[in-house]
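Okay, structure first, notes after.
Please read these numbers as outputs of a predicted model, since none were measured by experiment.
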2 protein chains.
Amino acid sequence: MITVDMRDRKPIYEQLIDNIRTLAVQGHLKPDEHLPSVRQLAAELAINPNTIQKAYAELERQNVIYALPGRGNFISPDIGAVARQEKERQLRALAAQITLAKNVGAQKDEIRTLLDAAYDDTTR
Amino acid sequence: MITVDMRDRKPIYEQLIDNIRTLAVQGHLKPDEHLPSVRQLAAELAINPNTIQKAYAELERQNVIYALPGRGNFISPDIGAVARQEKERQLRALAAQITLAKNVGAQKDEIRTLLDAAYDDTTR
DNA sequence: TAACTGTACTAACACAAATAGTACAGATAA
DNA sequence: TTATCTGTACTATTTGTGTTAGTACAGTTA
């Protein structure tokens, strides 16, 4: 489900980009699946169509989706490449966050505990 | 050393808050140590005194520093409590980032490798 | 006394995000 | 063909936040 949080400091169009990219990478949106039209999604989320268009344009630039003028926007068939890039991106962000935690006194064991909790409590 | 990055999207006053809080928590700024005056730091960093004042006011609210009108701003003597809060804050952020990485396909082993690298390559 | 200090204002400016509105061409179903 | 979708491209305006500019006042210190 595509959502936005108006209270979030992150701009709406960036929320949409990250949200839809993640849904596509996780497989919740299938390759060639038809996305809501610019006007329809704007109506659903009660935001301006221009904001949706801005997000869709950036998603197309990132090869997450492709547009067929007059027909609509669709999930890219080769979403796999995007998925690999996104994984690397999140791992880099994670490495940075580990450094931040370490710098304020976090012990390796404490982080290992977080890691175990994230991977043991849920599926896989 | 207190610095700011004008290219960073994060507001200057927030950069100052995080920067000084981290320096204090890490012990690079000692309890009761005298901070640069609002006007002096503004001159050094080539930014407006109001921006420094905004950061100092928030740091005082967070008990990172205390102000003596007419004398200056000083690092809080009980910075330990702040350090504990900050550590918890970073661990929560880390847990969230682990979840993000996991959701885009990161394997536990990959994260463990990052963790080892962060703690083995440097001191401690 | 002079020169610092923190603090409290108001006003203006700059920038990005978001909105509002219009327009046009391609696609599609009636 | 017509009506109604679709993406796309504009301009203008509004809004909110961060930042700057300037002034003022009281406390501190050499």
Side-chain angles (χ1 to χ4, degrees), chain A residues 2-21 24 29-77, chain B residues 2-21 24 29-77:
Chain A
I2 301 172
T3 59
V4 291
D5 179 3
M6 303 303 287
R7 295 162 304 180
D8 196 328
R9 292 231 311 197
K10 185 189 290 186
I12 298 173
Y13 79 93
E14 282 192 20
Q15 293 183 44
L16 288 170
I17 292 167
D18 293 345
N19 194 330
I20 294 173
R21 195 204 306 104
L29 295 174
K30 305 296 184 185
D32 296 312
E33 180 170 340
H34 202 161
L35 288 166
S37 78
V38 167
R39 293 172 179 83
Q40 179 185 339
L41 186 55
E44 285 179 13
L45 302 178
I47 59 184
N48 195 280
N50 292 340
T51 304
I52 308 290
Q53 171 60 21
K54 187 172 182 179
Y56 276 7
E58 175 60 18
L59 284 167
E60 185 173 23
R61 200 197 62 76
Q62 295 182 9
N63 295 315
V64 177
I65 69 177
Y66 62 95
L68 297 182
R71 296 213 48 210
N73 286 276
F74 306 84
I75 298 295
S76 173
Chain B
I2 301 173
T3 59
V4 292
D5 179 3
M6 303 302 286
R7 296 162 303 181
D8 196 329
R9 290 230 311 196
K10 185 190 290 185
I12 298 173
Y13 78 94
E14 281 192 20
Q15 293 183 43
L16 289 170
I17 292 167
D18 294 344
N19 194 329
I20 294 173
R21 195 205 304 107
L29 295 174
K30 305 295 183 185
D32 295 314
E33 181 170 341
H34 201 160
L35 288 167
S37 78
V38 167
R39 293 172 180 82
Q40 178 185 339
L41 186 54
E44 285 180 13
L45 302 179
I47 58 183
N48 194 279
N50 292 339
T51 305
I52 308 291
Q53 171 60 22
K54 187 172 182 177
Y56 277 6
E58 175 59 20
L59 284 167
E60 185 173 24
R61 199 197 62 77
Q62 295 181 10
N63 295 314
V64 177
I65 68 177
Y66 62 95
L68 297 181
R71 296 212 50 210
N73 286 277
F74 306 85
I75 299 294
S76 174

Pairs involving residues 2-21 of chain B, ordered by first then second residue, that meet salt bridge (charged side-chain N to carboxylate O under 4.0 Å, His left out) (sequence neighbours left out)
A:R9-B:E14, A:E14-B:R9, B:D5-B:R7, B:K10-B:D18, B:D18-B:R21, B:R21-B:E86
Sequence neighbours excluded, the answer for side-chain hydrogen bond (donor to acceptor under 3.5 Å, both in side chains) partners of B:N48 is B:N50
Between B:N48 (CG) and C:dA12 (P), how many Å, whole number?
16 Å
Non-neighbouring partners of B:F74 that pass ring-ring contact (aromatic ring centres under 6.0 Å, His included), sequence neighbours left out:
B:H34, B:Y66
Which salt bridge (charged side-chain N to carboxylate O under 4.0 Å, His left out) pairs, counting each pair once, include a residue from residues 49-65 of chain A, with sequence neighbours left out?
A:E58-A:R61
Under 3.5 Å, which donor-acceptor pairs link side chains of residues 37-45 of chain A to any protein atom two or more places apart or in another chain?
unit_1	atom_1	unit_2	atom_2	d
A:S37	OG	A:Q40	N	3.0
A:Q40	NE2	A:E44	OE2	3.2

Heavy-atom contacts under 4.0 Å between residues 53-73 of chain B and DNA chain D, which residues?
B:K54, B:P69, B:G70, B:R71
Shortest non-hydrogen contact from B:K30 to B:I75?
O-CB, 3.2 Å
Does anything in residues 4-18 of chain A reach DNA chain C, meaning a heavy atom under 4.0 Å, and if so which residues?
A:P11, A:I12, A:Y13
Heavy-atom contacts under 4.0 Å between residues 32-43 of chain B and DNA chain C, which residues?
B:S37, B:V38, B:R39
Find the distance between CD1 (B:I2) and CG (B:L16) and round it off to the nearest 0.5 Å.
7.5 Å
Minimum heavy-atom separation for A:I12 and A:I47, please, with both atom names.
CG2-CD1, 3.7 Å
Check every nucleotide of DNA chain D for an atom under 4.0 Å from a heavy-atom of chain B, then give the first and the last such nucleotide from 5' to 3'.
D:dG18 to D:dT29
For the CG atom of B:L29 and the CG atom of B:D32, what is their distance to the nearest 0.5 Å?
12.0 Å
